[in-house]
There are 2 protein chains.
Amino acid sequence: MASPGEDWQDELRARGYRITPQRQLVLDAVRVLEHATPEDVYAHVRQRSPGVNLSTVYRTLELLEEIGMASHTHLGHGAPTYHSHDKPEHVHLVCRSCKTVQEVAPDLVGSLVDTLKDRKGFETDVGHLTVFGICEECTS
Amino acid sequence: MASPGEDWQDELRARGYRITPQRQLVLDAVRVLEHATPEDVYAHVRQRSPGVNLSTVYRTLELLEEIGMASHTHLGHGAPTYHSHDKPEHVHLVCRSCKTVQEVAPDLVGSLVDTLKDRKGFETDVGHLTVFGICEECTS
DNA sequence: CTACTTGCAAACTCTTTGCACCATA
DNA sequence: TATGGTGCAAAGAGTTTGCAAGTAG
């Protein structure tokens with residue numbers, strides 16, 4: 001599930017991909033930043049290596065998803081946000097009022113998953129579930 | 001909740017907005033088409049009135065949301081889809097495999113709403129909830 | 001060396017905005 | 001006739017792509 005240390009390099013090589021400094025930088029950025037947009041990742045990468053191009057970031061993010069090391073979610077209107085699979089799966093709660101995003105454990109939505117499976121035969125992709133609403137802070 | 005007949009005109013006027021043929025066309029399109037993207041709405045409107053501009057569609061969709069007659073959801077990567085509030089609230093299930101969208105009754109997610117409220121103090125916006133996964137057809 | 005990658009620039013999709021003209025109230 | 005609305009064109013985000021030069025294996 002998680003990506004222990006540097007195994008990702010073997011994963012890449014095994015699939016015929018190459019290990020490049022750009023890919024390392026992008027992976028690092030996705031791991032460090034959480035809910036990072038491509039632009040966020042780009043900015044972070046460029047702090048360490050100003051020559052890297054935005055399109056390389058896009059291509060690498062796509063690659064990371066393809067090999068299952070990261071995934072993206074649409075948290076509202078703008079750009080999507082990426083997170084690495086080092087961390088356990090989680091559900092996003094997005095507050096419409098203060099725009100903050102909190103992560104909650106997947107078991108909180110277990111009953112939803114079961115209900116959809118039983119009543120609709122639908123297999124929920126919990127890792128991509130985003131719930132919009134108003135957070136505790138903003139309701140009080 | 002629903003919009004009985006032509007009351008929306010009073011609603012607009014009451015807020016100082018004007019009734020225009022373009023607005024009627026866009027509202028009709030949103031009501032007829034379901035899960036319509038701005039482009040879908042545009043195409044539908046232009047069948048009846050070729051002169052209407054895309055930016056008018058965008059401006060009108062924004063207006064309809066503002067006065068609570070429609071809302072939009074992000075069903076995946078591309079453009080958002082709009083639906084009118086004539087129909088009861090519903091949750092969207094989007095199949096990653098065949099891309100179909102089904103609507104299910106909000107009570108199916110009642111337990112989720114309760115859990116998030118009790119455990120996180122989070123008020124879920126059920127009307128904007130979209131669940132990604134694999135539908136019954138595609139799992140078999 | 002050879003194939004995969006990158007940087008660069010251009011193209012693309014989706015959406016917003018400024019402004020003069022037009023039409024509703 | 002006074003605003004608010006529309007069409008048009010241009011600008012803006014966000015993302016993708018073609019291609020020549022660079023580099024990992």
Side-chain angles (χ1 to χ4, degrees), chain A residues 6 8-30 33 35-46 48-67 70-82, chain B residues 6 8-30 35-46 48-67 69-82:
Chain A
E6 301 299 323
W8 68 278
Q9 302 198 348
D10 300 329
E11 181 64 27
L12 277 186
R13 266 189 282 261
R15 303 204 188 203
Y17 294 117
R18 292 176 181 177
I19 314 300
T20 67
Q22 290 90 337
R23 287 174 176 169
Q24 302 193 36
L25 288 164
V26 171
L27 214 212
D28 287 350
V30 171
L33 309 167
H35 308 128
T37 64
E39 208 65 43
D40 293 337
V41 172
Y42 180 55
H44 191 261
V45 165
R46 283 179 70 100
R48 289 207 264 162
S49 182
V52 177
N53 194 274
L54 221 207
S55 47
T56 299
V57 171
Y58 276 100
R59 287 189 275 231
T60 305
L61 290 173
E62 193 181 356
L63 177 66
L64 292 178
E65 286 207 283
E66 190 183 316
I67 64 178
S71 48
H72 76 272
T73 321
H74 292 273
L75 264 36
H77 296 184
T81 60
Y82 287 76
Chain B
E6 300 300 323
W8 67 278
Q9 301 199 349
D10 300 329
E11 181 65 27
L12 278 185
R13 266 190 282 261
R15 303 204 188 201
Y17 294 117
R18 293 176 182 178
I19 314 299
T20 69
Q22 290 89 337
R23 287 176 176 168
Q24 301 192 37
L25 288 165
V26 171
L27 214 213
D28 286 349
V30 171
H35 309 128
T37 64
E39 208 66 40
D40 294 335
V41 171
Y42 181 53
H44 191 262
V45 164
R46 282 178 72 98
R48 289 209 263 162
S49 183
V52 177
N53 195 273
L54 220 205
S55 48
T56 299
V57 171
Y58 275 100
R59 287 189 276 232
T60 304
L61 289 173
E62 192 181 356
L63 176 66
L64 293 178
E65 285 206 283
E66 190 184 316
I67 64 177
M69 301 203 48
S71 47
H72 76 271
T73 320
H74 292 272
L75 265 33
H77 296 183
T81 60
Y82 288 76

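Proteins come first, then strands; the chains are lettered A, B, ... in the order of their sequence lines, and each starts at number 1.
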*Asks:* Examine D:dT16: is either OP1 or OP2 under 4.0 Å from a nitrogen or oxygen in the side chain of A:Y58? Give yes or no.
*Replies:*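 Looking at the OP1 and OP2 atoms of D:dT16, neither is under 4.0 Å from any side-chain N or O of A:Y58.
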*Asks:* Checking side chain to side chain donor-acceptor pair (under 3.5 Å) against A:Y17, which of A:E11, A:E66, A:Q9 comes through?
*Replies:* A:E66
*Asks:* Might you point out which heavy atoms bring B:L54 and B:Y42 nearest each other, and give the distance in Å?
*Replies:*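 Closest approach of B:L54 to B:Y42: N-CE1, 3.3 Å.
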*Asks:* Under 4.0 Å, counting only non-hydrogen atoms across every strand here, what does A:T37 touch: a base, just sugar-phosphate, or nothing?
*Replies:*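 No contact.
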*Asks:* A:R18 has a side chain; which of D:dT23, C:dT24, D:dG7 sits nearest to it?
*Replies:* D:dT23
*Asks:* Send over the distance from B:N53 CG to D:dA10 C1', rounded to a whole Å.
*Replies:*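 After rounding, the gap between these two atoms is 13 Å.
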*Asks:* Regarding A:I19, tell me which of base, sugar-phosphate or nothing describes its non-hydrogen contacts under 4.0 Å with the strands shown.
*Replies:* sugar-phosphate
*Asks:* Identify the two heavy atoms, one from B:P38 and one from B:P80, that lie closest to each other, and give their separation to 0.1 Å.
*Replies:* CD-O, 3.4 Å
*Asks:* To the nearest angstrom, how far is B:R23 atom CZ from D:dG5 atom C1'?
*Replies:*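 After rounding, the gap between these two atoms is 6 Å.
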*Asks:* Roughly how many Å is it from NE2 in A:H72 to C1' in D:dG14, rounded to a whole number?
*Replies:*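 The distance from NE2 of A:H72 to C1' of D:dG14 comes to 13 Å, rounded to the nearest Å.
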*Asks:* A:T20 side chain N/O closer than 4.0 Å to the phosphate oxygens (OP1, OP2) of C:dT6?
*Replies:*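 So the side chain of A:T20 is within the cut-off, an N or O lying under 4.0 Å from OP1 or OP2 of C:dT6.
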*Asks:* Count the heavy atoms of every other residue, nucleotide or ligand shown that sit under 6.0 Å from CD of B:E62, and state whether that count exceeds 12.
*Replies:*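 No, because the 6.0 Å sphere around CD of B:E62 holds 12 heavy atoms or fewer from other groups.
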*Asks:* For the side chain of B:R13 and the base of C:dA25, is some donor closer than 3.5 Å to an acceptor across the two?
*Replies:*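 No such pair is found, so the answer is no.
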*Asks:* Just to confirm, is there a sub-4.0 Å distance from OP1 or OP2 of D:dG7 to any side-chain nitrogen or oxygen of B:S55?
*Replies:* no
*Asks:* Return no unless some side-chain N or O of B:Q22 is found under 4.0 Å from OP1 or OP2 of C:dA23.
*Replies:*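 No.
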*Asks:* C:dT16 base to B:R59 side chain: any donor-acceptor pair below 3.5 Å?
*Replies:*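 Checked by distance alone, the answer is no.
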*Asks:* What is the separation between atom CG on B:L25 and atom C1' on D:dG7, rounded to the nearest whole Å?
*Replies:* 15 Å
*Asks:* Output the rounded distance in Å from CG (B:L12) to C1' (D:dT3).
*Replies:*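 Those two atoms, CG and C1', are 16 Å apart.
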*Asks:* Measure the distance from CD on B:E66 to C1' on D:dG4 and round it to the nearest whole Å.
*Replies:*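 Rounded to whole Å, this separation is 13 Å.
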*Asks:* Want to settle it: does B:L54 or A:G51 sit nearer the 5' end of DNA chain C, counting the closest nucleotide to each?
*Replies:* A:G51
*Asks:* Write down the distance between CZ (A:R15) and C1' (C:dC4), rounded to a whole number of angstrom.
*Replies:*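 After rounding, the gap between these two atoms is 16 Å.
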*Asks:* Rounded to whole angstrom units, what separation is found between the CD atom of A:E39 and the P atom of D:dT15?
*Replies:* 8 Å
*Asks:* Would you say the side-chain atoms of A:D40 pair up with the backbone N or O of A:T37, donor to acceptor, closer than 3.5 Å?
*Replies:* yes
